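Below is one structure, written out as structure tokens; comments come after it.
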Amino acid sequence: MSDEQEPGKDQKIWQVVAAIPPGKVASYGQVAEMAGLGRQARYIGRALGKLPRGHEIPWYRVIRSNGQIAFPQGSDIYHEQVSRLQAEGVEVVNGRVAMKQFRW
DNA sequence: AGGGTGACGTTCA
DNA sequence: TTGAACGCCACCC
């Protein structure tokens with residue numbers, strides 16, 4: 001058996017995202033490095049878009065490096081992310097997360 | 001095999 | 001501070 005398994009980058013990413021402690025947030029770039037993808041931050045969003053059904057991945061804890069939500073303001077998905085973040089105790093103002101929750 | 005794309009990031013104006 | 005343009009690089013068709 002050779003091909004043991006492709007760890008599947010997507011799954012690796014989900015694992016990293018799931019490792020984000022509640023009440024905190026991480027940027028795509030941070031997750032990318034933690035997952036070993038390096039600068040491939042864009043892939044993070046793509047992987048999150050491929051999340052399977054019934055997942056327990058806190059995708060909403062992943063935001064841009066500047067603290068902004070990765071979705072256009074006004075979108076349903078945007079409101080959902082903000083709502084979940086606030087539920088975790090994260091301050092979200094004008095689609096931006098307080099810098100405090102950044103340095104974790 | 002090639003080209004376009006993107007839940008990003010950084011720099012410039 | 002905000003907005004626009006460019007750069008990166010793997011994935012999909």
Side-chain angles (χ1 to χ4, degrees):
Chain A
M1 331 200 216
S2 13
D3 31 291
E4 234 321 86
Q5 52 359 55
E6 264 282 2
K9 299 170 188 166
D10 297 338
Q11 193 146 8
K12 180 66 178 289
I13 292 167
W14 303 337
Q15 194 68 37
V16 174
V17 175
I20 301 173
K24 304 274 183 150
V25 294
S27 65
Y28 292 92
Q30 291 257 301
V31 176
E33 286 198 55
M34 284 191 283
L37 294 178
R39 279 123 151 232
Q40 215 9 349
R42 295 178 119 164
Y43 189 79
I44 305 302
R46 203 177 284 177
L48 292 177
K50 291 154 76 170
L51 279 170
R53 306 204 265 136
H55 62 47
E56 286 290 337
I57 311 302
W59 58 269
Y60 51 87
R61 285 184 197 153
V62 186
I63 58 178
R64 289 200 177 184
S65 89
N66 63 337
Q68 279 194 286
I69 302 296
F71 296 106
Q73 206 169 18
S75 287
D76 295 331
I77 184 75
Y78 164 84
H79 287 306
E80 183 177 335
Q81 182 166 15
V82 174
S83 183
R84 288 187 182 260
L85 286 174
Q86 291 181 338
E88 299 266 318
V90 179
E91 289 185 76
V92 181
V93 182
N94 288 338
R96 290 202 303 226
V97 177
M99 289 298 230
K100 299 171 125 193
Q101 345 274 22
F102 256 127
R103 321 186 48 189
W104 66 281

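Atom set for the values below is all heavy atoms of this structure, side chains included, hydrogens, waters and symmetry mates excluded. The chains referred to below are lettered A, B, ... by the order of the sequence lines, with proteins before strands, and numbering in each begins at 1. The structure displayed is predicted, hence computed values, not measured ones.
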Contact summary for V31(A) and A26(A), nearest pair of heavy atoms: CG2-CB, 4.1 Å
Close side-chain approach of W14(A) and H55(A), heavy atoms under 4.5 Å: no
Stretch residues 71-80 of chain A: residues that reach within less than 4.0 Å of DNA chain C through a heavy atom: none
Whole angstrom value for the distance that separates P of dA7(B) from CD of Q30(A): 20 Å
E33(A) CD to dC8(C) C1', straight-line distance once rounded to whole Å: 14 Å
Minimum side-chain heavy-atom gap P22(A)-R61(A) below 4.5 Å: yes
Stretch residues 57-68 of chain A: residues that reach within less than 4.0 Å of DNA chain B through a heavy atom: W59(A), R64(A), S65(A)
Between P of dT5(B) and CD1 of I44(A), the distance in whole Å: 22 Å
Min side-chain heavy-atom separation Q86(A)-V82(A) under 4.5 Å: yes
Non-hydrogen side-chain atoms of H79(A) and F71(A) separated by less than 4.5 Å: no
Atom-to-atom span, CG of L37(A) to C1' of dA7(B) - whole angstrom: 15 Å
Residues R84(A), E88(A); criterion salt bridge (charged side-chain N to carboxylate O under 4.0 Å, His left out); working and verdict: CA-CA 6 Å; R84(A) 288 187 182 260; E88(A) 299 266 318; over 6 Å; no
Contact residues, residues 46-56 of chain A to DNA chain C [heavy atom, < 4.0 Å]: R46(A), K50(A)
N66(A) side chain vs Q68(A) backbone, donor-acceptor pair below 3.5 Å: yes
Side chain proximity check, V62(A) to I20(A), heavy atoms < 4.5 angstrom: yes
Integer-rounded Å distance: dT2(C) C1' and N94(A) CG: 13 Å
Touch class at under 4.0 angstrom, heavy-atom based, for Y28(A) against every strand present: base
Side chain to side chain contact (heavy atoms under 4.5 Å, CB included) between Y28(A) and R42(A), worked out: CA-CA 7 Å; Y28(A) 292 92; R42(A) 295 178 119 164; over 6 Å; no
Side-chain heavy atoms of R64(A) within contact of I69(A), under 4.5 Å: no
Integer-rounded Å distance: dT5(B) C1' and Q40(A) CD: 12 Å
Upstream residue (5' side of DNA chain C) when R96(A) and R39(A) are each assigned their closest nucleotide: R96(A)
Contact summary for Y60(A) and L85(A), nearest pair of heavy atoms: O-CD2, 3.3 Å
Distance in angstrom units between R42(A) CZ and dC12(C) P, rounded: 15 Å
